[in-house]
2 protein chains.
Amino acid sequence: MATAAARSLPRARKRANAAGNGDANRRAAIVRAAARLFRERGFDGTTVRDIAAAVGMRSGSPFYHFANKEEILFAVMEEGLRQGLARSEAALAQGGDARARFFALVRAHFGILLEDGSDFIPVMLYEWRRLPPAYRRKLIAVKDRYDALWQGVIAELAASGQMRGDPKLARLLILGAVNFAATWFKRDGGLSIDALARASAEFFLAPRRAPGTR
Amino acid sequence: MATAAARSLPRARKRANAAGNGDANRRAAIVRAAARLFRERGFDGTTVRDIAAAVGMRSGSPFYHFANKEEILFAVMEEGLRQGLARSEAALAQGGDARARFFALVRAHFGILLEDGSDFIPVMLYEWRRLPPAYRRKLIAVKDRYDALWQGVIAELAASGQMRGDPKLARLLILGAVNFAATWFKRDGGLSIDALARASAEFFLAPRRAPGTR
DNA sequence: CCTACCGATCGGTAGG
DNA sequence: CCTACCGATCGGTAGG
């Protein structure tokens, strides 16, 4: 998790971390504040001074924790993928048939996008181009694992006639539809995240045959 | 179309336009170049110098045509909506049943997002937050007209059992899925825009009953 | 539309 | 992690 960051940090920082003091908490606070600001104002629209002020530091101090601004962006996205994978795997671990697991995955992903403090994945979706290619490569492997979770469930649904079309296209369309909710969903709009997830999942699935019909 | 810009432009510019010379061409060239750059690098990642250089001007010259950088962004989005509305209305004007018009609308929108030189609407989708609120208000009315075109066709499909779920949610999910293709679709990927549009529209529609079954 | 320029801001650093 | 600072860049302008 800290592999990429560790390579370019000052020696003093590495010592502090090894000593097990509270340094990691400050780093996590920076990442959290940066995620919120990057989501609200974009990467280029957020200054390192903004991030520092949000955690009560002076303007130069974030560079004690990160070699440069891009590394903060990388840390935000890495944290998003970590949380997203953990949450999605937990959803799938509850078991049930393909339909139930699909519901759980849709609900988990809406949560990652729309719940309070869930700024990490939206930043990854909307600021991806700002991340230098060298950093991108490190995240793509993790993104692929995330996509594979979806692909597995969708392929299962397709095989049993519960979802139409090519499974890969289905995955891209479904994830696109869900991801775009980050731009239009308002929590005070009367629709809960649970209800949104349920209705969306139903929309994507082929209608279930009522028992006793054929 | 030029209403918003005209208010804040230098007097010399207004005179030139009224005289009917080629000034408008230079302005259009700036908007086109800005659209491409904003899409590639984002609004904050693009400098006015970049835009000027792309059309063979010196760094200060775009300000002869636009009062400030935000006004260039506004012009890009305004042009995108103008083109998008014209193209969508043309698609609908071809007539046919609701299913055929839905296909035409999906195809038109994919074109607006994915064809060469179609940078205007992607900029609107991905740089919307960068546009100052006063400018946003002017565009929302046009955006609403665009949404209404989709809502009409989708409501018709829903009423005839060819689309499931709440029509408004269906519109948001479908447009989200289509819009997100701007981030993943590669023209050299072997899938044509036509084929993508056909397969996607089929995915969203409830299965058509085969003739002779019930 | 160009020349020449300015004030402000920003990412980043040295040294403690 | 702070103080004090720098070099570069950027949006924008005056005057022609």
Side-chain angles (χ1 to χ4, degrees), chain A residues 5 7-19 21-31 33-34 37-38 41-76 127 130-132 135, chain B residues 5 7-19 21-31 33-34 37-38 41-76 127 130-132 135:
Chain A
R7 220 168 298 141
S8 50
L9 279 179
R11 264 159 252 152
R13 170 71 210 301
K14 291 187 186 170
R15 242 183 288 115
N17 261 355
N21 62 17
D23 228 29
N25 290 329
R26 300 304 293 151
R27 187 180 192 275
I30 292 172
V31 174
L37 290 164
F38 289 162
R41 316 179 188 174
F43 177 71
D44 291 314
T46 303
T47 71
V48 175
R49 282 164 171 79
D50 293 335
I51 299 169
V55 295
M57 286 179 179
R58 297 311 183 89
S59 70
S61 299
F63 295 109
Y64 172 72
H65 295 273
F66 296 90
N68 52 52
K69 194 184 173 188
E70 280 77 20
E71 207 168 82
I72 304 179
L73 181 61
F74 174 76
V76 167
E127 305 294 330
R130 302 268 85 77
L131 192 71
Y135 287 111
Chain B
R7 220 167 299 141
S8 49
L9 278 178
R11 263 159 254 151
R13 170 69 210 300
K14 290 186 187 170
R15 242 185 285 115
N17 261 354
N21 63 16
D23 227 30
N25 291 329
R26 299 303 292 150
R27 188 180 191 276
I30 292 172
V31 174
L37 290 164
F38 288 162
R41 315 177 189 176
F43 177 71
D44 290 313
T46 303
T47 70
V48 174
R49 282 162 171 81
D50 293 335
I51 299 169
V55 296
M57 286 178 178
R58 297 312 182 89
S59 70
S61 300
F63 295 108
Y64 172 73
H65 296 274
F66 296 90
N68 52 54
K69 194 184 174 189
E70 281 78 18
E71 208 168 80
I72 304 181
L73 181 61
F74 175 76
V76 168
E127 304 294 330
R130 301 267 85 76
L131 192 69
Y135 287 111

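By convention in this document, chain letters (A, B, ...) are assigned in the order of the sequence lines, proteins followed by strands, and residues within each chain are numbered from 1.
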Report summary line: Protein heavy-atom contacts under 4.0 Å, written 5' to 3' over nucleotides 2-16 of chain C as B (base), S (sugar-phosphate only) or - (none), form the string BS------BBBB---
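A:Ile30 is not listed as a side-chain neighbour of A:Arg27, based on a closest heavy-atom distance of 4.5 Å or more. In this structure, the side chains of B:Ile51 and B:Phe38 come closer than 4.5 Å at one or more pairs of heavy atoms. Residues A:His65 and A:Asp23 meet the side-chain proximity criterion, which asks for heavy atoms closer than 4.5 Å.
Remark: B:Arg26 engages no residue in a side chain to side chain donor-acceptor pair (under 3.5 Å) (not counting sequence neighbours). Residues passing the salt bridge (Lys or Arg N to Asp or Glu O under 4.0 Å) test with B:Arg41, sequence neighbours excluded: B:Asp50.
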Query raised in the report: How does DNA chain D read in dot-bracket, base by base from 5' to 3', with Watson-Crick or G-U pairs under 3.5 Å and | used when the partner is on another strand?
Result: ||||||||||||||||
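Taken to the nearest 0.5 Å, the CD atom of B:Glu127 stands 7.0 Å off from the CG atom of B:Leu73.
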Can you give me every donor-acceptor pair (side chain of residues 52-63 of chain B, partner residue at least two apart or in another chain, under 3.5 Å) with its distance?
none

